[in-house]
Amino acid sequence: MSLFEKYPVSITNSLSGKKEVFTPLKSPFVGLYSCGPTVYNEVHLGNLRTFTAFDVVYRYLTHIGYKVRYVRNITDAGHLTNDAGEGVDRIEESARLEQLEPMEIVQKYTFSFHEVCRIFNILPPTIEPTATGHIVEQIEMVKKILANGYAYEVNGSVYFDVRKFMEKYKYGELSGRNIDDLLEGTRELDRQDEKRNAVDFAIWKAVSPNHIQRWPSPWGEGIPGWHLECSAMGTKYLGEQFDIHGGGMDLKFPHHECEIAQSIGAYGKTPVRYWMHSNMLTVNGEKMSKSKGNSFLPRELFTGTHPLLSKAYSPMAVRFFMLQSHYSSTLDFSNEALQAAEKGYKKLSNALSTLKKLDHPGVSGKQDEELLKLIDEAYRNMSDDFNTAKTLAVLFEMSSRINDIKSGNYKLTDLDSDTFQKFKSAYVTFMEDVLGLQEEGSQNHEVLDGVIRVMIELRKKARTDRNYTLSDKIRDDLKALGVQLMDGKDGEISYTIE
RNA sequence: GGUCUCGUGGCCGAGUGGCUAGGCUGAGCUCUGCAAAAGCUCCUACAGCGGUUCGAAUCCGCUCGAGACCUCCA
């Protein structure tokens, strides 16, 4: 029996608004798509929250035995900031601002995005398609939609005909929009628009002659509509219908709503069975966004240079901070909250390194139902709509048990070896593989480790000589450098690096 | 204006009809040469009002407050 059968996953489906048991179309295969970044700028912490949320979804589904194909796109084709064709193209704008080719902009920020992902331990997806690499697929999709009568061409642009679509299908189901209201509110603006109705959206857009990014199409030179790329690439790699599509809450409308309409318009079936939306990261209760100017860059965290921060925070502390809340709730970002998260993370991380060094003595004790129950709970919590907050609570329980073992309050000889192995493997797996919380510091510094060991030996000697002035000096000086020594009961000294 | 979400102890943040969330902070204790770490104990809340129920933070209604989407945004 596989883990996903033992702990069936339930997902809050944005489409129904309800928690539903997750059954993949072709178990054990799972198709997962999540909207990636538009690479015209550096990603900020709010963006990162969503990527982290779906990283955990991918990690957990994989861990419990599903074969996941995880597609996360890179939007590297520019789009006009509104569907009417006014506004600016972000990538072109950045290119002009930085005096670079659009391709250089896109390359630069794609690399930067990957670097940030690596730092935050966000795994690469199994496929990371780019919009510009799938122009052909997008043009083909536009052709299909035109052929099916759900789009019309005006002056080299192609628009999706929402009115026509609604004669046969529903539009607005995902976001709970009432189309009549939408039409009502925007009727005035329609006059000089190419669109038949305000709710129509571009699936192919003709661009002016001085626009740098452009591709030939049956309708003339232009760029694909923003919503189209996800539909085209999702279909190509995951099929006309697939299991999970995720993204930030702010993409629900119009982006995801349009995706649904396009796919139905092209293939006659609804593209996604489970829609997942992660909620916003807020600052003082307001959404973090570039346009509001309240966003934090990853770099500002590591260096502690942001005016709202009192110090620098490590990537893992930030990752822990995000996992402490459920993905569907807003999460408020503040210096205090980060400080608390840093300490909490350190506690779990310390227990992790302690546990890794522990081995069962081989003397057979008895089973411990409590420990086994904790493992079971961790799985139940994760299978319950990827509730990382509840899972972390269980890991804190476990870390207490680990510390009990370390301090001798709980003797390993009283525990049977099988239970211990299960417990150990569960804690390490949930921390590292499922939640992606790695140990920080200590490792990867062989020389430093050697040097600290030498200092520790000297301090031990000083202590046995009762030369506390010297032993305290060694400890205090190392502390000043960020190395914390801790005296164990058995006379052994361990250390952590800030 | 329309649609929707949320309001939990000093702070962050789970929970959704009866059972301890958890983390951080603060106070006390144990251990320790002193620290640190760890363990134990304490401070115990559900915006307000009304209703349903044997029983509600959890369901329903109203009031107040905050936010999101409706235009690019994860």
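So that the names make sense, note that chain A is the first sequence line, chain B the second, and so on, each numbered from 1.
Of the candidates B:C12, B:A74, B:A68, B:A68 carries the atom nearest the A:Glu286 side chain, counting heavy atoms from C-beta on. Considering only side-chain atoms of A:Arg90, the nucleotide from B:A74, B:C72, B:G22 that sits closest is B:C72. Considering only side-chain atoms of A:Ala393, the nucleotide from B:G33, B:A74, B:G22 that sits closest is B:G22. Side-chain atoms of A:Thr38 lie closest to B:A74 of the nucleotides B:C24, B:A74, B:C34. Which of B:G33, B:C72, B:A74 sits closest to the side chain of A:Arg459 comes down to B:G33.
Here, B:G33 and B:G23 have their C1' atoms 33 Å apart, quoted to the whole Å. Atom name C1', nucleotides B:G65 and B:G48: the rounded distance is 11 Å, in whole Å. Comparing B:A21 with B:C12, their C1' atoms sit 14 Å apart, to the nearest whole Å. Separating the P atom of B:C6 from that of B:G15 is a span of 11 Å, rounded to the nearest Å. Spacing between B:C43 and B:G61 at atom C1', rounded to whole Å, works out to 35 Å. When the P atom is compared between B:C72 and B:G9, the two are found 38 Å apart, to the nearest whole Å. Remark: the separation of the C1' atoms in B:A57 and B:C49 is 16 Å, to the nearest Å. Of the C1' atoms belonging to B:A14 and B:C24, the separation is 15 Å, rounded to the nearest Å.
For B:G15, the OP1/OP2 oxygens have a side-chain nitrogen or oxygen of A:Asn387 closer than 4.0 Å. For B:C72, the OP1/OP2 oxygens have no side-chain nitrogen or oxygen of A:Ser289 closer than 4.0 Å. In this structure, A:Lys390 does not reach the B:G15 phosphate: none of its side-chain N or O atoms is under 4.0 Å from OP1 or OP2. OP1 or OP2 of B:C24 has at least one side-chain nitrogen or oxygen of A:Lys347 nearer than 4.0 Å. Distances shown here put a side-chain N or O of A:Ser329 below 4.0 Å from the OP1 or OP2 atom of B:A14.
Atoms CZ (A:Phe321) and P (B:C11) sit 16 Å apart, rounded to a whole Å. Between the CD atom of A:Glu342 and the P atom of B:C11 there is a distance of 21 Å, rounded to whole Å. Counting to the nearest Å, the P atom of B:G2 and the NZ atom of A:Lys252 are 19 Å from each other. Rounded to whole Å, atom P of B:G22 lies 12 Å from atom CZ of A:Arg401. What separates CD of A:Gln324 from C1' of B:G15 is a distance of 15 Å, to the nearest Å. Spacing between atom CD of A:Glu377 and atom C1' of B:U20 amounts to 12 Å, rounded to whole angstrom units. As a whole-Å value, the separation of A:Leu323 CG from B:G23 C1' is 13 Å. If you measure from atom CD1 of A:Ile493 to atom C1' of B:A37, you get 13 Å, rounded to the nearest angstrom.
Within 4.0 Å (heavy atoms only), A:Leu281 reaches at least one base atom of the nucleic acid. A:Ser325 comes within contact range of the sugar-phosphate backbone alone, with a heavy-atom separation under 4.0 Å but no base atom that close. Residue-level contact check: A:Lys292 touches the backbone only, with heavy atoms under 4.0 Å from sugar-phosphate atoms and none from bases. Across all strands, A:Arg475 comes closer than 4.0 Å to base atoms (heavy-atom distances). Heavy atoms of A:Met249 sit nowhere under 4.0 angstrom from any nucleic acid atom. Here A:Phe396 lies in heavy-atom contact (under 4.0 Å) with sugar-phosphate atoms only. A:Leu392 comes within 4.0 angstrom of no nucleic acid atom, judged by non-hydrogen atoms across all strands. Across all strands, A:Arg380 comes closer than 4.0 Å to no nucleic acid atom at all (heavy-atom distances). Contacts of A:Leu331 with the nucleic acid, taken as non-hydrogen atoms under 4.0 Å apart, involve only primed sugar atoms and P, OP1 or OP2. At a threshold of 4.0 angstrom between heavy atoms, the contacts of A:Asn350 with the nucleic acid are absent. A:Lys287 comes within 4.0 angstrom of a base, heavy atoms only. The residue A:Asn403 sits close only to the backbone: its heavy atoms come under 4.0 Å of sugar-phosphate atoms, none of a base. Across all strands, A:Gln484 comes closer than 4.0 Å only to sugar-phosphate atoms, never to a base (heavy-atom distances). When heavy atoms are screened at a 4.0 angstrom cut-off, A:Lys406 is found touching no nucleic acid atom at all.
Ring geometry for A:Phe201 versus A:Tyr171: interplanar angle under 30°, hence parallel rather than tilted (30 to 60°). In this structure, A:Trp275 and A:His256 have tilted ring planes: the angle between them lies in the 30° to 60° band. Aromatic ring orientation, A:His245 versus A:Tyr33: tilted (interplanar angle from 30° to 60°). Ring pair A:Tyr58/A:Tyr70 is tilted by interplanar angle, where 30° to 60° counts as tilted. A:Tyr345 and A:Phe320 have tilted rings, their planes meeting at an angle from 30° to 60° on a 0 to 90° scale. Note on ring orientation: taking the six-membered ring where Trp is involved, the planes of A:Tyr274 and A:Phe22 are perpendicular (angle over 60°, cut-offs 30° and 60°).
Heavy-atom nearest nucleotides on RNA chain B were determined for A:Phe333 and for A:Thr469, and the one closer to the 5' end corresponds to A:Phe333. Both A:His326 and A:Ser399 sit near RNA chain B, but only A:His326 has its closest nucleotide nearer the 5' end.
The partner of B:A21, taking Watson-Crick or G-U wobble pairs whose two distances both stay under 3.5 Å, does not exist in any strand shown. Of all nucleotides present, only B:G26 satisfies the Watson-Crick or G-U wobble test against B:C42, with each distance under 3.5 Å. B:C62: Watson-Crick or G-U partner is B:G48, with both key distances under 3.5 Å. Of all nucleotides present, none satisfies the Watson-Crick or G-U wobble test against B:A14 with each distance under 3.5 Å. As the counterpart of B:G67, B:C4 is assigned, both hydrogen-bonding distances of the Watson-Crick or G-U wobble pattern falling under 3.5 Å.
Using a cut-off of 4.0 Å between Lys/Arg side-chain N and Asp/Glu carboxylate O, A:Lys373 and A:Glu397 are scored as not salt-bridged. In this structure, A:Lys424 pairs ionically with A:Asp359, as a charged nitrogen and a carboxylate oxygen lie closer than 4.0 Å.
Between A:Leu352 atom CG and A:Tyr427 atom OH the span is 6.0 Å, to the nearest 0.5 Å.
Residue-to-nucleotide contacts include no donor-acceptor pair under 3.5 Å from the side chain of A:Asp332 to the base of B:G13. Below the 3.5 angstrom threshold, one finds a donor paired with an acceptor across the side chain of A:Asp487 and the base of B:C34. In terms of polar N and O atoms assigned as donor or acceptor, the side chain of A:Arg177 never comes within less than 3.5 Å of the base of B:C70 in a complementary pairing.
A:Tyr159 and A:Glu194 share a donor-acceptor pair across their side chains, judged by distance under 3.5 Å alone.
Under the stacking criterion of a centre-to-centre distance below 5.5 angstrom and an interplanar angle below 30°, A:Phe51 is not stacked against the six-membered ring of B:A74.
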